Novice: 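Structure below; questions to follow.
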Amino acid sequence: MLPHRGPEPAMTSHKRHNDVLLGRHAETAAIEQLLNAARAGASGALVLRGEAGIGKTALLDHALIHAADFHIIRAAGVEAERELAFAGLHQICAPVLDRLARLPAQQSRALSIAFGLSAGPAPDLFMVGLGVLGLLAELAGERPVVCVVDDAQWLDRASAKVLGFVARRLRTESLVMIFATRGGPDTPGLPELGGVPALTVPGLADEYARELFASTFLGQVDERVLDRIIAECHGNPLALTELPRGFTPAELAGGFGFRHPGALPRRIEQSFQRQIAAVPPIGRSLLLVAAAEPLGDPVLVWSALNHLKVPVDSQLTALQTVAEFVDFGSRVRFRHPLLRSAVYEAASDAERRQAHAALAEVTSAVTDPDRRAWHRAQATAAPDEDVATELQTSAARAQTRGGFAAAGAFLERAAELTPDPVRRASRMLAAAQALYLGGTPDSALRLLALAEADHASELDRAQADLLRADIAFMVDRGSRTADLFLKAASRLAPLDVGLARSTYLDALRAAWYASDSGSSGNLRDVARAAVAAPAADSPVRPSDLLLDALAVRYTAGFPAGAPKMREALTAFREPPADDPPGLRWMWFASSIATDLCDDDAADELTANYVRVARETGALAALPLALTTRILNHLFTGDLSAASVLITELDNVADGTGIPVPGYMALLHAAWRGDERRTAELAAVSGADAQRRGEGLAPAIAGWAQALLYNGLGRFDDALTAAQQTIQSSVEPGVLTGAPIFELIIAAASSGRAEIGAEALERLSTSTQACGTDWALGMEACGRAVLAPPAKAEDLHVEAYERLGRTKIRPLAARAHLYYGDWLARSGRNADSRDHIRTAYDMFTDMGMEAYAASAARGLGMSARPQAADDAGPLTPQETHIVRLAREGLSNAEIGTRLFISPRTVEWHLSKIFAKLGITSRRQLRR
């Protein structure tokens with residue numbers, strides 16, 4: 001029998017002899033500091049990077065030895081399991097899945113689907129991440145938790161993304177995560193762990209290298225040979241202990257070893273292969289099956305060997321030699337991961353296929369169909385439709401669990417094994433689509449090129465064009481993206497009307513982002529193409545009405561498109577119960593509500609957009625939803641609510657890695673009257689947009705600066721900023737009216753009435769078509785500041801009365817301010833003070849400091865300190881938590897919003913209570 005090491009479950013109170021790690025003082029100190037902090041209630045993560053054999057696993061063992069009082073969770077990436085979605089994550093979560101019911105419903109459902117425990121739509125990876133964070137934090141409520149992950153470079157992509165997310169969100173859970181991955185200071189390492197503190201593990205210094213070599217190799221070594229060994233091993237402990245095993249004592253004594261230079265890990269593998277070559281054939285068969293079986297399941301290994309009729313039980317010598325390489329306990333473990341790959345590479349293609357075929361036969365098609373399909377695929381050399389179909393079925397299962405990278409791998413291999421060329425191209429295209437959804441655009445483009453080069457059908461070629469456009473929009477949203485969508489839409493038109501029409505909407509969205517960036521695919525070009533789109537099938541969807549409305553708007557003009565936009569808006573507000581529009585086009589619907597100056601619709605749709613994104617766990621869609629809601633809060637003057645959502649938007653970006661332009665923070669700073677912050681954010685967003693080739697940033701920056709400078713009374717600067725905004729964009733959506741209004745105010749206040757009058761005519765074209773109090777009140781205010789004295793008063797009164805009936809409080813306050821200024825110039829000081837005082841109180845209440853100061857000057861007083869976002873002794877994070885708690889959200893719900901664990905929320909609340917001198921949530925309402 002092989003030596004038995006005893007059970008070693010994923011979670012145990014690990015006890016092991018504390019061997020001294022030579023020359024690892026800095027690394028062990030960093031690990032022990034993390035563990036000590038966790039004992040005090042903090043959390044932390046660390047990535048140990050280094051080449052193969054450098055000692056990362058030994059450092060993980062050191063961490064576990066010093067965490068005897070912790071819950072211990074240990075996992076490892078397995079190269080053969082990289083294509084199985086959540087395989088790595090399951091190792092970590094399996095011991096704590098009994099706590100799943102304690103999580104919020106969204107998180108529990110996401111994890112259940114990810115692990116195949118229940119059916120449902122593919123879960124958002126970030127919601128899965130919040131669930132894992134919650135599970136581990138729940139466990140840490142008993143005693144601290146340490147989670148170590150070896151060979152993280154072999155984790156499946158879904159697991160790596162989730163674990164990277166969790167590691168970046170650790171705060172105060174008494175939880176430590178340590179990853180070991182291959183890489184170094186000049187290599188990127190595992191991108192999913194970006195942002196997690198990293199420590200590169202270097203080679204041992206010469207003195208420690210010599211000491212290690214002497215402690216493990218007892219034979220005679222020529223001193224010159226030893227010098228060369230030490231130099232060529234570069235302090236790599238595995239090389240120092242393993243390389244000499246591949247040479248005879250004579251070679252080491254005479255200097256005949258190490259004749260072939262090469263990369264160190266490869267040379268270590270070659271040393272292993274020389275050792276393997278000395279193993280009897282039966283032992284090599286055992287090693288190969290163990291290397292090909294990724295789970296480390298001894299039952300599967302022995303069953304496969306029996307299927308191959310390998311007589312291992314009668315060959316004690318072979319078993320003894322194998323015991324030097326692999327350890328059979330509750331799990332099959334190789335002495336080192338490079339040894340596993342050396343065994344696999346040393347076998348011939350035919351031998352590897354035989355091993356996988358045997359493993360496929362003994363793997364259950366009921367309980368583990370995906371791994372069985374993968375073994376069958378590795379055992380197949382020639383095209384085989386039966387195996388390809390089985391892989392396609394596995395891909396579908398992976399995709400429903402959110403394992404898009406795994407689905408892509410299954411489909412790519414299925415395509416390679418597909419005999420029919422048309423079906424092969426279709427499967428390759430599906431693989432590219434899965435990889436795109438999994439966030440690997442470069443890999444998707446590689447497969448896309450292969451699909452197009454094959455015998456693709458016309459529909460597949462059209463969908464390939466669409467995928468190429470989707471990838472371009474994901475990567476940079478630059479000038480060429482709208483053209484790519486147009487090409488795809490044109491090709492799809494005779495093949496799939498519904499998909500073609502959706503693609504025209506994609507093209508309009510891309511053109512909106514590109515704005516005036518030099519592309520032929522600007523809004524008018526795209527709209528002209530969309531006018532020629534095939535008519536919608538029956539029943540007409542809200543998105544069909546939206547496309548028709550936008551096509552008319554950007555070709556025939558806003559007045560012609562307004563009735564159709566209102567019709568589309570109604571469809572989105574009152575969708576069929578059996579066919580809700582979903583998230584995809586809610587951004588457009590929210591935007592046209594603002595374009596139409598319909599404050600009720602904008603408030604309803606933006607709130608619904610955010611609600612649906614949160615309830616469905618679509619965290620990838622949440623940034624755009626939050627952006628529309630923040631903009632609505634700015635228009636309505638709820639700067640405090642906007643600030644809360646901007647913080648949430650930053651948390652989304654930090655937690656998910658989804659880049660979020662700082663447009664909303666820029667506009668918020670301008671509304672607040674913060675000149676320094678506005679200038680900083682305008683510069684950052686401009687540089688970022690220029691890098692991406694996006695034309696939207698100058699329009700937003702100009703609008704923000706014009707708004708700010710009008711409040712500061714710097715009207716020449718406001719005029720310059722507004723003119724740049726108007727010129728930099730052709731119909732930039734929700735920015736159409738607001739920057740023009742700023743231009744009118746700046747022109748009237750700087751003695752350039754003729755510029756203001758021209759802008760007013762452009763503004764009135766849309767405001768008259770809208771016909772709402774918001775639109776007509778804004779127009780009346782613009783006309784009032786330009787009007788001669790005989791007509792000005794009626795227009796001022798109309799402006800503040802109309803705007804007073806809306807939710808657009810900043811414009812209503814400005815209408816009072818401008819009327820008050822006009823009354824003062826007319827010598828009616830008492831009436832003037834009433835309106836300016838009204839404006840001052842409104843601006844102060846909203847936190848619009850620049851405009852409040854302007855009103856204060858009109859009253860001959862100093863503006864009082866603003867209280868809109870005054871948090872007293874609280875930090876911004878604590879202030880955010882207080883606001884959410886006052887809304888009635890639970891700790892778990894607050895944690896979901898802020899991408900932190902409920903335990904961290906509880907910790908923050910305890911600090912908040914102490915600072916405020918209170919003892920309960922009820923007291924927060926005061």
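Keep in mind the model is a prediction, meaning the values are calculated, not measured. Excluded from the calculations below are hydrogen atoms, water molecules and symmetry mates; all remaining heavy atoms, backbone and side chain alike, are included.
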Novice: Where do Phe473 and Ala510 come nearest, in terms of heavy atoms and distance?
Specialist: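 Nearest pair, atom of Phe473 first, then Ala510: CE1-CA, 3.9 Å.
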
Novice: Minimum heavy-atom separation for Leu924 to Ala885, with atom names?
Specialist: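 That would be CD1-CB, 3.8 Å.
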
Novice: Under a 4.0 Å threshold between the charged nitrogen and the carboxylate oxygen, would Arg714 count as salt-bridged to Glu675?
Specialist: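 Arg714 and Glu675: salt-bridged.
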
Novice: Please examine the side chains of Arg614 and Leu626, heavy atoms only from C-beta on, and report whether any two atoms are closer than 4.5 Å.
Specialist: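 Counting from C-beta outward, Leu626 and Arg614 do come under 4.5 Å.
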
Novice: Hey, what do you get for CD (Glu779) to OG1 (Thr767), rounding to the nearest 0.5 Å?
Specialist: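 Here the rounded value is 3.5 Å.
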
Novice: Yes or no on side-chain contact (heavy atoms from CB on, under 4.5 Å) for Val905 and Leu884, after CA distance, side-chain angles and deciding distance?
Specialist: CA-CA 11 Å; Val905 176; Leu884 295 176; over 6 Å; no

Novice: Below 4.5 Å, heavy atoms only, C-beta onward: do Tyr851 and Leu707 meet side chain to side chain?
Specialist: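 Yes, at least one pair of side-chain atoms sits under 4.5 Å.
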
Novice: Say you draw a straight line from OG1 of Thr570 to CG of Asp598; how long is it, rounded to the nearest 0.5 Å?
Specialist: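 It is 9.0 Å, given to the nearest 0.5 Å.
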
Novice: Using the side-chain contact (heavy atoms from CB on, under 4.5 Å) rule, take Leu898 and Ile894 through it: C-alpha gap first, then chi angles, then the decisive distance, then the call.
Specialist: CA-CA 6 Å; Leu898 302 185; Ile894 294 172; 3.9 Å; yes

Novice: Start with the C-alpha distance between Asp773 and Arg805, add both sets of side-chain angles, then the distance that settles salt bridge (Lys or Arg N to Asp or Glu O under 4.0 Å), and finish with yes or no.
Specialist: CA-CA 7 Å; Asp773 279 328; Arg805 293 194 290 267; 3.1 Å; yes

Novice: Where the side chain of Thr725 meets the backbone of Trp703, is there a donor-acceptor pair that is under 3.5 Å apart?
Specialist: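 Checked: pair present.
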
Novice: Step by step, would you call Phe558 with Leu596 a side-chain contact (heavy atoms from CB on, under 4.5 Å)?
Specialist: CA-CA 9 Å; Phe558 192 95; Leu596 290 168; 4.1 Å; yes

Novice: Ion pair present between Asp506 and Arg501, side-chain N to carboxylate O less than 4.0 angstrom?
Specialist: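 A salt bridge is absent here (no side-chain N lies under 4.0 Å from a carboxylate O).
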
Novice: Is a side-chain donor or acceptor of Asp544 paired with a backbone partner of Arg541 at a separation under 3.5 angstrom?
Specialist: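 Judged by distance alone, yes, a pair lies under 3.5 Å.
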
Novice: Are Arg814 and Ile745 close enough, and set up right, to give a side-chain contact (heavy atoms from CB on, under 4.5 Å), and what steps lead you there?
Specialist: CA-CA 10 Å; Arg814 291 174 73 177; Ile745 298 299; 4.1 Å; yes

Novice: Which is it for Phe635 and Trp774 under the ring-ring contact (aromatic ring centres under 6.0 Å, His included) test, yes or no, and what are the steps along the way?
Specialist: CA-CA 11 Å; Phe635 275 125; Trp774 177 1; 5.4 Å; yes

Novice: Calculate, to the nearest 0.5 Å, the distance between atoms CG and OG1 belonging to Asn608 and Thr628 respectively.
Specialist: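 If I round to the nearest 0.5 Å, the distance is 10.0 Å.
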
Novice: Under the salt bridge (Lys or Arg N to Asp or Glu O under 4.0 Å) rule, what do Glu648 and Arg883 come out as? Steps first, then yes or no, please.
Specialist: CA-CA 12 Å; Glu648 183 174 347; Arg883 288 172 177 148; over 6 Å; no

Novice: Applying the side-chain contact (heavy atoms from CB on, under 4.5 Å) criterion to Trp671, which one of Leu639, Leu708, Leu666 satisfies it?
Specialist: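 Result: among Leu639, Leu708, Leu666, Leu639 is the only option passing the side-chain contact (heavy atoms from CB on, under 4.5 Å) with Trp671.
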
Novice: Quick check: closest heavy atoms across Tyr554 and Ala527, and the distance to 0.1 Å?
Specialist: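 Taking every non-hydrogen atom into account, CB-CB, 3.5 Å.
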
Novice: Any carboxylate oxygen within less than 4.0 angstrom of a Lys/Arg side-chain nitrogen, looking at Arg897 and Glu893?
Specialist: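 No salt bridge links Arg897 with Glu893.
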
Novice: Are any of the side-chain nitrogens in Glu192 or Lys161 under 4.0 Å away from the carboxylate oxygens of its partner?
Specialist: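 Not counted as a salt bridge, because no side-chain N and carboxylate O are separated by less than 4.0 Å.
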
Novice: Below 4.0 angstrom, N of the basic side chain to O of the carboxylate: do Arg629 and Asp638 qualify?
Specialist: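 Looking at Arg629 and Asp638, the cut-off is not met.
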
Novice: Under 4.5 Å between any side-chain heavy atoms of Leu435 and Leu445, yes or no?
Specialist: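 Contact flag for Leu435/Leu445 side chains = no.
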
Novice: Evaluate ring-ring contact (aromatic ring centres under 6.0 Å, His included) for Phe165 paired with Phe899, printing each intermediate quantity in order.
Specialist: CA-CA 9 Å; Phe165 169 89; Phe899 289 74; 5.7 Å; yes

Novice: Quick one: does Gln723's side chain get under 4.5 Å of Leu743's, heavy atoms only?
Specialist: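 Yes - at least one pair of side-chain heavy atoms lies under 4.5 Å apart.
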
Novice: Is the shortest heavy-atom distance from the side chain of Leu505 to the side chain of Phe485 under 4.5 Å?
Specialist: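 A side-chain contact under 4.5 Å is absent here.
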
Novice: For the residue pair Ala759 and Ile740, what are the closest heavy atoms and their distance?
Specialist: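 Heavy atoms only, the tightest pair is O-CG2, 3.4 Å.
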
Novice: So, are Asp483 and Arg480 salt-bridged, with charged N and O less than 4.0 Å apart?
Specialist: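 The answer is no: the pair does not qualify as a salt bridge.
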
Novice: Looking only at non-hydrogen atoms, find the nearest pair between Pro123 and Ile113 and report the distance.
Specialist: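 Pro123 and Ile113 have their closest heavy atoms at CD-CG2, 3.6 Å.
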
Novice: Would you please test Ser643 and Ser640 for side-chain hydrogen bond (donor to acceptor under 3.5 Å, both in side chains) and show each step?
Specialist: CA-CA 5 Å; Ser643 177; Ser640 180; over 6 Å; no

Novice: Within the distance-only criterion (no hydrogens, no angle test), does the side chain of Arg677 pair as donor or acceptor with the backbone N or O of Arg672 below 3.5 angstrom?
Specialist: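 Looks like no, no N/O pair under 3.5 Å.
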
Novice: Could you walk me through whether Gln106 and Thr896 pass the side-chain hydrogen bond (donor to acceptor under 3.5 Å, both in side chains) check?
Specialist: CA-CA 10 Å; Gln106 288 178 325; Thr896 299; 5.3 Å; no

Novice: Locate the shortest heavy-atom distance separating Ala850 from Gly673; write the atom from each residue and the value.
Specialist: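 Between these two residues, the closest heavy atoms are CB-CA, 3.7 Å.
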
Novice: Give a yes or no on whether the ring-centroid distance for Phe588 and Phe572 is below 6.0 angstrom.
Specialist: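 Between Phe572 and Phe588, which both carry aromatic rings, the centre distance is not below 6.0 Å.
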
Novice: Out of curiosity, Leu763 CG to Ile744 CD1, how far, rounded to the nearest 0.5 Å?
Specialist: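 With rounding to 0.5 Å, CG (Leu763) is 4.5 Å from CD1 (Ile744).
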
Novice: Determine whether Leu170 and Val166 make a side-chain contact, defined as any pair of heavy atoms from C-beta on separated by less than 4.5 Å.
Specialist: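 They are in side-chain contact.
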
Novice: Are any side-chain N or O atoms of Asp599 and backbone N or O atoms of Lys807, one a donor and one an acceptor, separated by less than 3.5 Å?
Specialist: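 Yes; judged by distance alone, with no hydrogens or angles, the pair exists.
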
Novice: Any side-chain heavy atom of Trp585 sitting closer than 4.5 Å to one from Ser502?
Specialist: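 Heavy-atom side-chain distance check passes, below 4.5 Å.
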
Novice: Return the CG to NE2 distance between Asn891 and His908, rounded to the nearest 0.5 Å.
Specialist: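 Output value for this atom pair is 11.0 Å.
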
Novice: Quick check against the 3.5 Å criterion: does Asp717 have a side-chain atom that pairs as donor or acceptor with the backbone of Tyr709?
Specialist: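 No: the side chain of Asp717 does not pair with the backbone of Tyr709.
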
Novice: Inspect the surroundings of CZ in Arg573 and state if more than 12 heavy atoms from other residues, nucleotides or ligands are less than 6.0 Å away.
Specialist: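 Atom CZ in Arg573 is crowded, with more than 12 foreign heavy atoms closer than 6.0 Å.
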
Novice: To the nearest 0.5 Å, how far apart are CD1 in Ile900 and CZ in Arg171?
Specialist: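 So the gap between those two atoms works out to 7.5 Å.
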
Novice: Looking at side-chain heavy atoms only, is the closest gap between Pro559 and Thr765 below 4.5 Å?
Specialist: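 Side chain of Pro559 against side chain of Thr765, heavy atoms only: contact under 4.5 Å found.
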
